[in-house]
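Written below as structure tokens is the structure these notes are about.
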Amino acid sequence: MSDFRFDLISGGPSGPRLGRVHTAHGAFETPAFLPVGTQAAVKTLSPEEVRELGAQAILANTYHLHLRPGSGVVRELGGLHRFMNWNGPILTDSGGFQVFSLSELRTLTPEGVTFRSHLDGSSRFLSPELAVGIQEDLGSDIMMVLDECLQYPASFEQAAASLELTLAWAARCKEAWRGRNALFGIVQGGAYPELRLRSAAGLCAIGFPGYALGGFSVGEPPALMYDLVGATAPHLPADKPRYLMGVGTPRDLVEAVDRGIDFFDCVMPTRNARNGSLFTAAGTLNIRNAAHAADPAPIETGCPCAACRGYSRAYLRHLSLCRETFGLRLNTIHNLSYYQRLMAGMREAIAAGRWTSFRDGFRAAQTAKKD
RNA sequence: GUGGGUGUAGCUCAAUGGUGGAGCACCUGACUGUGGCUCAGGGGGUUGAGGGUUCAAAUCCCUUCACUCACC
């Protein structure tokens, strides 16, 4: 019997939804943003800090952890939760994104993917069954089926073939799944609404505890992604969570919640923080810009995060230019704080029945930034 | 004091008579199921100073200044 359950508190097959995802390691409120901890660490932060910033669940990666330290090591040490000292829900990506991001290093067959390890060049095979087995070894609460994350642009024929492969892999993953945790299917189909619906229907026929939308933010225009998400979401079961993989910008999150998405993961707040790009309600700022050289103001006035409470832009710029690790930490704390507060704001707006004004206010601020 | 060497972008250095460049630094931008990486643009010069030779001088000649090494 699985410990996984989704309670839809408000909303339906489309439009903004409020919910709660329950797992063996606790629950998280949706709409939610999951910080990315690919290698069993949210870069630069401790699990306690990630928790304090408001994150209730995080993401880790099957492919990376399988290569190093190895899923067997993690299993022997009591699973990912104990290994990294994070006792909340963990979602693991299957390695499907590495099919895309490491496309130079892999060959794809109906059986699975053969990677040339980016660490030592050795050959590593990943099949749907192995991906599930590794994720079970890791002990993740939400596992993802192995999929092919298709590049953009792709022809209709390419997207159709890719979709069929992912669908066949999804069926094999479900077959291999022992049912102790959750397994999510992944909708593919490129930029073709017709194929997205075909993919969604195929996955629903197999049946999963939750559904993800994959293959986005790979170079397509944002408006195209919004249209595709809006077209696909209503065709997924209303009582199952929807997860938009690898997305996105603050604007992406608001637009996707508006179209019925429940949760997200993205490297953007953490990676951009390390590169000096910081998110604020007034837009993004690059802390390395000379304009901040002697600026005593915090990143964002009124922000409750530790970086804004104690440190000036001038100091953060200095740390960033010096490449001090403390600067990476403070920037990451701010960006994750911003993302978590954005999600909390969305949940409150939906719960209070003022989603439309929240959304329109956000859009207006976005437009104002461009002028 | 004598003899030698070196003076070119913020720094380290290319360019041996024919439109003064590179790396780093600096300044902007990008980053979406993670490489802290990387990538794309940009600003920068009276070639220490002054004079001469030449169609043409960073480059050859003279003077001078600075730095540096060796020797009195």
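Per chain, numbering begins at 1; letters A, B, ... match sequence-line order. Bear in mind that the values here come from a model prediction, so they are computed numbers and not experimental data.
Taking 4.0 angstrom as the limit, Q98(A) places a side-chain polar atom (N or O) nearer than this to OP1 or OP2 of rU34(B). Put simply, N286(A) has no side-chain N or O that comes within less than 4.0 Å of OP1 or OP2 on rC31(B). Between S217(A) and the phosphate of rU32(B), there is no side-chain N or O to OP1/OP2 separation shorter than 4.0 Å. Taking side-chain N and O atoms only, R251(A) has no distance below 4.0 Å to OP1 or OP2 of rU32(B). Taking 4.0 angstrom as the limit, R68(A) places none of its side-chain polar atoms (N or O) nearer than this to OP1 or OP2 of rG35(B). OP1 and OP2 of rA30(B) both lie 4.0 Å or more from every side-chain N or O belonging to N275(A). Neither OP1 nor OP2 of rU32(B) sits under 4.0 Å from any side-chain N or O of N272(A).
Taking a cutoff of 4.0 Å between a charged side-chain nitrogen and a carboxylate oxygen, E136(A) and R180(A) do not qualify as a salt bridge. Salt bridge status for D258(A) with R363(A): present, with a side-chain N to carboxylate O gap under 4.0 Å.
In this structure, of rC31(B), rC26(B), rG33(B), it is rG33(B) that holds the atom nearest to the side chain of M245(A). Out of rU34(B), rG29(B), rC31(B), the shortest distance to the side chain of V36(A) is found at rU34(B). Nearest to the side-chain atoms of R323(A) among the listed nucleotides rC26(B), rC37(B), rU32(B) stands rC37(B). You'll find that the side chain of C266(A) is closest to rU32(B), out of rG29(B), rU32(B), rC26(B). Nearest nucleotide to the side chain of T270(A), out of rU32(B), rU34(B), rG33(B): rU34(B).
Remark: RNA chain B forms stems of 3 or more consecutive Watson-Crick or G-U wobble pairs, all pair distances under 3.5 Å, at B:1-7 with B:65-71, B:10-13 with B:21-24, B:26-30 with B:38-42, B:48-52 with B:60-64.
For rG33(B), its base sits under 3.5 Å from the side chain of D147(A) at one donor and acceptor pair at least. Side-chain N/O atoms of T249(A) and base N/O atoms of rU32(B) include no donor-acceptor pair closer than 3.5 Å.
Aromatic ring centres of H292(A) and H318(A): separated by at least 6.0 Å. Within the 6.0 Å centre-distance limit, the rings of F115(A) and Y63(A) are counted as a close aromatic pair. F326(A) and Y311(A) have their aromatic ring centers within a separation under 6.0 angstrom.
Computed from coordinates, the M144(A) CE to rG33(B) C1' distance equals 8 Å when rounded to whole Å. Summarising the geometry, the separation between CD1 on I287(A) and C1' on rG29(B) is reported as 16 Å, rounded to the nearest angstrom. Taking atom CG on L119(A) and atom P on rG35(B), their separation rounds to 11 Å, with Å as the unit. Taking atom CZ of R271(A) as the reference point, atom C1' of rU34(B) lies 5 Å away to the nearest angstrom. Here rU32(B) presents its P atom at 15 Å from CG of D93(A), a figure rounded to the nearest Å. Counting to the nearest Å, the P atom of rC31(B) and the CZ atom of F97(A) are 14 Å from each other.
When only modelled atom types and interatomic distance are considered, T232(A) and R196(A) share no side-chain donor-acceptor pair under 3.5 Å. Using a 3.5 Å distance cut-off with no hydrogens or angles, the side chains of D120(A) and S122(A) do pair a donor with an acceptor.
When all heavy atoms are compared, the tightest approach of I287(A) to R313(A) is CD1-O, 3.7 Å.
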